[in-house]
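Heads up: the structure comes next, in structure tokens.
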Amino acid sequence: MNDSPSRPYAEYVEYPPDEMYHRAEAFAEDISRRRSVRSFSTAPVPQGVIEQCIAAAASAPSGANRQPWHFVAVANAEVKAKIRIAAEAEEQRFYQERAPKEWLEALAPLQTDAHKPFLEDAAWLITVFAQRVLPLADGTQAKNYYVPESVGIATGFLLAALHNAGLATLTHTPSPMTFLRDLLGRPKSERAYMLVVAGYPQDGVEVPDIKRKALSDVAEFRV
Ligand code: IYR
């Protein structure tokens with residue numbers, strides 16, 4: 001017998017089938033309008049909006065409910081400038097030395113380069129940290145489970161929440177990202193998982209003219 005406490009799932013909401021379809025369709029239409037943006041306006045975004053989006057992210061399911069994530073949201077101009085300098089140094093090495101030709105060719109349609117002004121322009125830089133282990137009060141560590149899966153789901157929730165709030169986003173993964181842990185003063189038990197850039201898009205911003213695969217190319221249904 002498992003005597004761990006449980007309670008009724010009172011917050012579950014059931015919709016009639018028609019409404020279920022319309023909600024599913026409306027969500028698909030809305031989330032598919034999200035595009036990665038690489039030029040941001042310097043217009044500020046209230047902290048409360050970012051707090052709610054992080055609260056949505058932190059509601060994600062996780063292995064053994066360990067919630068192995070930590071979010072550092074930066075709007076401070078000096079800290080953003082430091083992040084930009086360190087990220088651009090890594091990116092210079094990536095584009096000039098480390099990236100194989102095949103990878104650079106794959107990136108060509110995205111028109112990216114080592115120059116990352118959005119790291120200073122965008123209202124918020126949210127670094128998502130993954131907690132590989134859980135430090136305990138007695139100085140030992142407990143193992144966390146399915147950490148990349150859990151943090152990936154939370155980051156997906158975060159992107160959806162930011163989009164839903166009307167913000168433009170970019171997932172930025174300077175590699176390696178160890179500088180973020182040092183710069184943001186996080187412990188060695190954590191690894192920077194992703195930098196989520198959020199804010200208003202720059203006026204007249206353009207995005208690469210690329211398309212998502214058709215549903216029939218990514219899914220099949222066996223009924
Ligand atoms: N981190 C680099 C390169 C980069 C890699 C992938 I895969 C992308 O989808 C986009 C960029 C950069 O941010 O420019």
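Whatever order the structure lists them in is the order used to number ligands and atoms, beginning at 1.
In this model, a donor atom of one side chain and an acceptor atom of the other lie less than 3.5 Å apart for Ser36 and Arg34.
Phe221 belongs to no multi-residue hydrophobic cluster, having no ILVMFWY side-chain contact under 4.5 Å with any other such residue. Grouping Ile, Leu, Val, Met, Phe, Trp and Tyr residues whose side-chain heavy atoms lie under 4.5 Å apart, directly or via other members, places Val128 in a hydrophobic cluster with Val45, Val49, Ile50, Ile54, Trp69, Phe71, Trp124, Ile126, Val147, Val151, Leu158, Leu159, Leu162, Leu167, Tyr193, Met194, Val196, Tyr200.
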Any protein N/O atoms within less than 3.5 Å of an N/O atom in ligand 1? List the atom names and distances, or say none.
| residue | atom | partner | partner atom | Å |
| --- | --- | --- | --- | --- |
| ligand 1 | 1 (N) | Glu91 | OE1 | 3.3 |
| ligand 1 | 1 (N) | Glu91 | OE2 | 3.3 |
| ligand 1 | 1 (N) | Thr173 | O | 3.4 |
| ligand 1 | 13 (O) | Glu91 | OE1 | 3.4 |
| ligand 1 | 13 (O) | Lys116 | NZ | 3.3 |
| ligand 1 | 13 (O) | His172 | ND1 | 3.2 |
| ligand 1 | 14 (O) | Glu91 | OE1 | 3.1 |
| ligand 1 | 14 (O) | Tyr95 | OH | 2.4 |
| ligand 1 | 14 (O) | Lys116 | NZ | 2.5 |

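More than 12 heavy atoms of other residues, nucleotides or ligands sit less than 6.0 Å from atom CD of Glu97.
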*Step-by-step side-chain hydrogen bond (donor to acceptor under 3.5 Å, both in side chains) determination, Thr127 to Arg186*: CA-CA 11 Å; Thr127 303; Arg186 297 303 302 167; over 6 Å; no

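Qualifying side chain to side chain donor-acceptor pair (under 3.5 Å) partners for Glu120, counting only residues two or more places apart in sequence or in other chains: Arg84.
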